[in-house]
Each structure stands twice: as C-alpha cells, then as structure tokens.
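Side chains are part of it too, since the values below use all heavy atoms of this structure and drop only hydrogens, waters and symmetry mates.
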Amino acid sequence: MRTCKRNPACHPERSVAESKDPVALSRISRRDSSTSLGMTRNMYRTHDCNSLRKGDIGQQVTLAGWVHVSRDHGGVIFIDLRDHEGLTQVVFRPEENAELAKQAHTLRSEDVIQVSGRVAPRVPGTENPKLPTGDIEVIPSELHILNRADDLPFPIDAEVHNEDLRMMYRYYDLRRPQFAHNLRVRHRIAKATRDYLDSQGYVEVETPILSKSTPEGARDFLVPSRLTPGKFYALPQAPQQYKQLLMVAGLEKYFQIAKCFRDEDLRADRQPEFTQIDIEASFVTPDDIFAVTEGMLAAIFKAARNIDIKTPFDRLTYQEAVGRYGSDKPDRRFGMELVDLGDDFRSSSFKVFRGAIDAGGVVKAINAKGFAGITIGQADELTEIAKLFGAKGLAFIKVENGEWKSPIVKFFSEAEKTALQSKLEIEEGDCIFFGADKWEIACEVLGRLRLRIAEIQKLIPKSEIWDFLWVTDFPLFQWSPEENKWNAMHHPFTRPKTEDIPLFEAKNFPEIRAEAYDVVLNGVEIGGGSIRIHEPELQEKMFETLGVSPEDQQLLFGHLLHALHLGAPPHGGIALGLDRLVMLVCGEKSIRDVMAFPKNNRGMDLMANSPAEVDSRQLRELKLRLLEEKK
RNA sequence: GGAGCCUUAGCUCAAUUGGUUAGAGCGCCGCCCUGUCACGGCGGAGGUUGCGGGUUCGAGCCCCGUAGGCUCCGCCA
C-alpha cells in the first residue's frame with residue numbers, strides 16, 4: 001500500500017500531486033505557460049522546457065535547465081532537459097558535432113546546462129506521446145555546462161522513504177515535480193484567497209510577529225527583549241486580539257494570510273509555525289461568516305483544481321455531530337453512524353447497559369457491515385482504542401451463520417434483540433460495536449472505532465469527494481479536571497449564544513452554547529471561528545468564569561477591555577488552516593509536503609540545523625544565562 | 001510524558017528455523033553500444049547490518065538497553 005502511494009497507475013483518481021512523473025507536471029504547468037514564457041526569454045534561454053511544439057520546428061532556440069536523465073548510446077546521446085515547466089529532449093549526434101557529443105558524454109543527472117540549437121522533428125515512429133514536447137527534439141550547436149552536480153544523495157525520480165535524508169537536502173528534494181506542483185497549488189490558493197476577499201471588500205492588514213504572551217491556549221514561543229532585559233515578546237498563536245482591535249478601529253472587513261506559532265508537540269498535520277487565513281468582520285452574524293467562507297473556498301477550489309464545490313455547506317450542531325458520528329469533525333464520506341439505544345435498554349437486565357443509563361449516560365452502537373470476519377488481532381486493537389478513550393472494555397456482536405456471536409447476547413431480552421435488529425439494520429456478516437458510558441465517552445469511543453474500522457474495511461471512497469460542513473453551537477466552556485476550573489472551548493473572546501446568556505447568569509456553565517463554528521472537510525477541521533464578545537461587562541464576566549482575577553484581566557487584557565469600552569462594534573470571524581487546506585487539495589498526508597521548509601517531528605530543521613546554540617555574547621546582551629542541565 | 005512501527009551498500013529493498021564469504025536493482029567508476037525516452041551489454045568499487053551489552057559453538061535474525069525517524073495518545077484556547 002505504502003509503496004504504491006505515489007504510483008498514479010494504482011490511483012488513477014488521484015491528483016497529479018501524487019505523481020512523480022514529470023509529464024504530469026507538464027500538463028498542469030501549461031496553464032501558466034503564457035506568463036512563464038514571457039519571463040524565460042533572456043540571456044539564458046528563449047523558451048522553457050515545456051514550450052516547443054511541431055509548429056516550432058526549424059527555429060533556433062536556447063534552453064537551460066537540469067539534466068533529468070541522459071541516455072548515452074555511445075554514439076547518439078539523448079538528454080531530457082528539465083526546468084520548472086517540463087521536459088524537452090535534446091539530441092547530441094557525433095556526425096553533427098563531434099566535439100559537442102564528446103562533451104555530452106560527460107553529462108550526469110542534475111548537471112545544469114544551457115543548449116542552443118534548432119528545433120527538429122523526431123524521427124518518424126520515435127515520437128513520445130507521453131510528453132507534450134514529444135513530437136520534437138532540440139539538436140544543439142552549442143552546449144554550456146553551467147554547473148556540475150556531485151553524486152546525488154538520493155534519486156529524485158523515485159520514491160524515497162527516508163524523510164530525514166530528504167529534509168537534510170530539502171533544496172534538492174524540492175526539485176521533485178510533486179513539490180513543484182504542491183507549491184504552485186499553494187500559491188494559487190493564496191492568490192485566490194486574496195483575490196476573492198479583495199473582491200468582497202476585505203483589507204489585508206499585517207499584525208505584529210513580536211507580540212505578547214497570554215495565559216490561555218498553547219505554549220508560546222518567547223523572544224527575549226534586549227532593550228528591556230528580563231522581558232519577553234511572544235510570537236503570536238493567532239492574530240486574535242489584533243484583529244478584534246482592528247474591528248474596534250472601524251476597519252470592518254479584515255483579513256490576513258498570517259504566520260502563527262505554537263510551541264506544542266508536532267504531528268503530520270501540525271507544525272510549530274503554520275499559516276492561517278484569518279478573517280474578521282463587523283456587524284455580522286454567523287451566516288455572514290459562513291457565506292464569505294463558502295465563497296472563498298469555492299474560489300479556492302476553482303482556482304486550484306477547477307472544481308465546483310457545492311455551497312452552501314450542510315450544517316450540524318455539535319450535539320448532532322458528536323451524537324451521530326462520535327466526532328466534532330465528522331467524516332461523512334461513509335456511513336456507520338452511531339445509533340442511540342437508550343430507550344431500548346433503559347430497564348434492561350444487562351447490568352453494563354442499564355448501569356450506564358442509570359448513571360445518566362447512554363448506550364450507543366455502530367454497525368460495521370460485513371465485518372463479522374474480524375480477526376482476533378483487530379478485535380484486540382479496537383479494544384485498545386476503546387480503552388484509550390475511556391471505555392472500560394469493548395462489547396461487540398458478530399453475526400455469522402444467522403447467529404449472534406457474543407458473550408453479552410444471552411443477557412438481552414427478545415424485545416431488546418428486536419430493537420437492535422431493526423434500529424441497526426442487522427444482516428448476516430455484520431459486526432456490532434457497543435458503547436455504554438457517559439455521553440461524551442461513549443460517543444468518542446464509537447467515533448474513534450468508526451474511523452479505524454473504516455480504515456480497516458477501506459470504506460473511504462476512492463473517488464474524490466469534497467464533503468464540507470459546518471459544525472455549530474459548540475459548548476462555550478469545557479471543564480478541566482486537572483486545573484479544577486472552567487476553560488473556554490474556543491477562546492475567551494467567544495460570545496455565548498444570545499438565548500443562552502441567561503444560563504450564564506444562572507452559572508449553568510455546561511449548558512451554555514457558544515456562537516462558535518468549525519468548517520470541516522472530509523473529517524478534517526480546516527477552520528474555526530466565532531462571534532466575539534463586544535460588551536465589556538460580558539467579557540469581564542467571561543474572564544471571571546475562567547478564573548482570571550480582575551487584576552490579571554487589567555494586566556493581560558487591559559487594552560482589549562478598554563477597547564470594548566470605547567464603542568466596539570459587534571464582530572466575529574474565522575481562521576482557516578492554509579497548510580491543511582493545501583494538503584487536502586493536493587491529496588497529501590502531511591503538511592510537510594506542502595511547506596517549502598518544514599520542521600521534523602522534534603521541531604528541528606535538519607537542513608539549516610536549527611534550533612542551534614548561540615554565542616555566549618548574544619546571551620549576555622539579552623541578560624540571559626543557561627541553567628545547568630540536571631543529570 | 002506514554003504507545004506502536006521502523007533502522008541492512010549513496011538510494012530502494014532481500015537474506016528459509018539462528019548456520020558457508022550478507023545479495024539484487026538503481027546510482028557511482030571503467031569499457032562497449034547511433035533513435036532512446038526507466039535505453040541496453042560487460043566488468044568493478046562500495047557493508048563494523050544505528051549504537052552498546054547479553055544468550056549461543058555460531059546472531060542481520062533471539063533477549064535487554066540506548067539513539068534516531070515516522071505515526072498516534074497526552075498537549076495543540
């Protein structure tokens with residue numbers, strides 16, 4: 001599975017992003033060829049390597065690029081010359097120019113050369129239909145070796161799994177057509193974003209990178225201040241407060257393609273520095289934010305992939321999403337929804353189910369169609385997952401030969417069995433998994449099982465599906481048992497739903513819903529936002545609930561509170577993760593594949609070798625001293 | 001902080017149950033080759049099997065430890 005990941009033949013539905021084939025790159029490049037042609041005509045070249053066609057036969061041209069591959073027949077030598085646009089075959093013939101052919105014998109992959117010569121038709125029968133330039137070749141009269149390449153650390157036209165090594169030679173790895181494609185898609189997405197938001201009257205404003213640490217949220221990256229020794233800037237986790245202050249400033253429609261920084265552990269889709277499409281507007285309701293986001297995403301998909309996505313997006317409340325899919329970012333590309341069995345087991349004699357319900361919890365189940373053949377290893381793995389997310393164990397029923405196979409079936413009454421049968425639409429070959437616990441735990445456990453089972457059963461459709469949806473009405477607060485206090489689920493500036501504000505007064509915190517929303521694509525959260533609190537009293541009440549003392553409120557958020565007192569308009573917005581979006585559009589599994597210079601798992605750049613030690617003089621200037629490492 | 005998987009030539013991988021001198025393809029070097037497009041042919045160099053220890057007559061393979069990579073959990077308002 002892994003080895004064929006990038007083989008287009010295995011996945012014809014995949015984007016050319018998956019392709020290592022330079023031919024595929026040429027296809028997408030043509031869209032831009034009019035602009036790139038203009039750029040390439042200079043002292044180094046008259047055309048790019050994806051320009052020449054039959055109609056150019058007879059022309060004198062100059063090309064420059066890398067030796068992609070050379071096929072040396074002893075006599076005639078074929079060079080596939082590669083640049084960012086594509087490939088052109090260059091043919092050295094001893095009988096045409098012996099001296100040049102001799103030189104061409106020495107060419108190796110990745111040497112940088114410049115050739116001048118005439119465009120010729122290929123010998124009939126030797127045209128290459130796989131190349132856009134496959135009808136012609138260039139017969140050079142001049143060859144300049146601009147730069148030789150040493151022995152290569154790894155091949156760029158083959159799959160290399162050693163990401164470590166690739167990161168060390170990132171500038172070389174980026175020559176892969178896959179990256180040429182991904183970085184172009186990223187550019188187009190950024191451009192479409194700017195163009196669309198500009199058309200809607202949004203103004204791009206840059207906010208400070210040297211910012212201030214705040215107690216809530218992720219760990220900050222700190223930057224020591226030389227001019228005020230002992231004090232630190234923080235790199236922004238998001239431009240959140242600045243954009244709200246821009247609303248107070250009367251800007252009304254703001255956006256920014258903003259670098260954000262969070263000092264947390266990394267994942268395939270998480271880097272310490274990443275990019276958000278950050279949007280904020282005044283006098284808006286969630287519907288306004290939904291509309292501009294949908295319009296923007298439609299423009300992005302049109303520009304990047306020429307895909308027309310369906311708008312408006314479906315909406316699910318948090319309750320619905322978690323209740324039906326066991327996740328606040330449901331992947332709806334397959335079924336296996338959670339089914340509630342509370343009504344059927346309320347007075348059951350099966351103590352595990354009855355007990356969960358009596359304790360105020362739920363009984364839910366999913367039906368994995370055709371999964372009765374589950375192996376012992378798979379069952380163990382799923383049980384591990386269930387336990388990891390808080391279940392005490394995992395009960396399941398295999399339906400084989402018309403028989404329900406499970407140690408728990410004997411506890412079920414006939415009525416209960418009938419209810420299961422009809423609600424879960426049980427058929428021969430199915431496998432039913434149960435969750436009986438507090439609502440949150442039962443849902444999350446089944447949600448995780450659902451995703452893993454879908455993976456095992458390969459339920460996610462091969463064809464490209466772009467399932468966007470909004471998840472709305474998130475809880476405002478989340479209880480933290482570790483800190484023994486309420487935390488903001490989104491962030492402390494999120495406004496409660498107006499109809500829930502009375503609950504706020506009654507200190508019924510778990511019931512309060514926020515005017516907060518996430519946009520989800522194929523089970524991945526690609527963005528989230530909220531309507532913000534614009535009333536200073538409500539903001540103070542919010543801080544109070546979160547355990548921020550009045551003194552700290554002034555110290556940490558004084559500027560924001562003052563701003564709210566100076567006529568802040570109602571406002572709200574959203575932020576979308578650009579890297580994740582590009583990743584999905586490119587069909588990649590990691591955001592590292594859509595960033596030019598990402599960090600590895602431990603936050604290190606193996607190419608530049610950062611982070612690195614600094615000179616003791618630099619530390620002295622900052623009035624910093626390193627602590628001795630404890631052994 | 002925790003779990004899983006991985007680490008054999010520059011790269012991608014192989015090596016029966018623990019058994020001779022650790023192999024192949026690509027790349028590299030040399031020679032040959034005039035229509036290829038993953039060109040082809042012949043030859044060659046290239047290895048402390050991540051590192052340390054243990055079990056054994058014998059370890060790439062089994063055990064313990066350790067380092068690194070990736071994925072996940074925690075964490076990421």
Could you give the [atom1]-to-[atom2] distance, from [X] to [N], as a whole number of Å?
X: A:Asp269; N: B:rC76; atom1: CG; atom2: C1'; result: 10 Å
X: A:Lys329; N: B:rC76; atom1: NZ; atom2: P; result: 13 Å
X: A:Asn162; N: B:rG50; atom1: CG; atom2: P; result: 13 Å

Distance flag, aromatic centroids of [Y] and [X], threshold under 6.0 Å:
X: A:His105; Y: A:Phe92; value: no
X: A:Phe154; Y: A:Tyr172; value: yes
X: A:Tyr517; Y: A:Phe474; value: no

Mate of B:rC37 where both pairing distances stay under 3.5 Å, Watson-Crick or G-U: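 Partner of B:rC37: none.
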
Pairing nucleotide - B:rA45, Watson-Crick or G-U, each distance under 3.5 Å: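 Because no pair has both required distances under 3.5 Å, B:rA45 counts as unpaired.
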
Contact state string [nucleotides 30-39 of chain B, B base, S sugar-phosphate only, - no protein heavy atom under 4.0 Å]: ---BBBBBSB

Is [X] salt-bridged to [Y], cutoff N-O under 4.0 Å?
X: A:Arg452; Y: A:Glu381; value: yes
X: A:Glu110; Y: A:Arg148; value: no
X: A:Glu96; Y: A:Arg118; value: yes
X: A:Asp269; Y: A:Arg580; value: yes
X: A:Glu264; Y: A:Arg219; value: yes
X: A:Asp278; Y: A:Lys243; value: yes

Looking only at N and O atoms, is any donor in the side chain of [X] or the base of [N] less than 3.5 Å from an acceptor on the other one?
X: A:Arg262; N: B:rC76; result: no
X: A:Arg166; N: B:rG69; result: no
X: A:Arg270; N: B:rC75; result: yes
X: A:Asp265; N: B:rG74; result: yes

Distance between P atoms of B:rA3 and B:rC64 (Å, rounded):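 Between the two P atoms, the distance is 14 Å.
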
[X] side chain, from C-beta outward: closest of [options]:
X: A:Asp151; options: B:rC70, B:rC76, B:rC28; result: B:rC28
X: A:Arg592; options: B:rU12, B:rC73, B:rU71; result: B:rU71
X: A:Ala268; options: B:rG69, B:rC72, B:rC11; result: B:rC72

Sugar-phosphate only, base, or nothing, as touched by A:Arg452 at under 4.0 Å among non-hydrogen atoms: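 A:Arg452: no heavy atom of the nucleic acid under 4.0 Å.
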
Sugar-phosphate only, base, or nothing, as touched by A:Arg602 at under 4.0 Å among non-hydrogen atoms: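 Since only primed, P, OP1 and OP2 atoms lie under 4.0 Å of A:Arg602, the category is sugar-phosphate.
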
Parallel, tilted or perpendicular, as decided by the 30° and 60° cut-offs, for the rings of A:His491 and A:Phe493: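 A:Phe493 and A:His491: tilted rings.
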
RNA chain B contacts made by residues 510-533 of chain A, counting heavy atoms under 4.0 Å: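 Output list: empty, so none.
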
Expected rows: protein N/O vs nucleotides 4-10 of chain B N/O, under 3.5 Å:
| residue | atom | partner | partner atom | Å |
| --- | --- | --- | --- | --- |
| B:rG10 | O2' | A:Pro153 | O | 2.6 |

5′-ward residue of the pair A:Met604/A:Gln240 relative to RNA chain B: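 Here A:Met604 is the residue nearer the 5' end.
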
Main-chain N/O of A:Asn50 paired to A:Arg53 side chain as donor or acceptor, under 3.5 Å: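 Looks like yes, one N/O pair under 3.5 Å.
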
Under-4.0 Å side-chain N/O to phosphate OP1/OP2 contact, A:Asn601 with B:rU71: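 So the side chain of A:Asn601 is within the cut-off, an N or O lying under 4.0 Å from OP1 or OP2 of B:rU71.
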
Donor-acceptor side-chain pairing of A:Ser327 and A:Arg448 below 3.5 angstrom: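 No donor-acceptor contact under 3.5 Å links the two side chains.
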
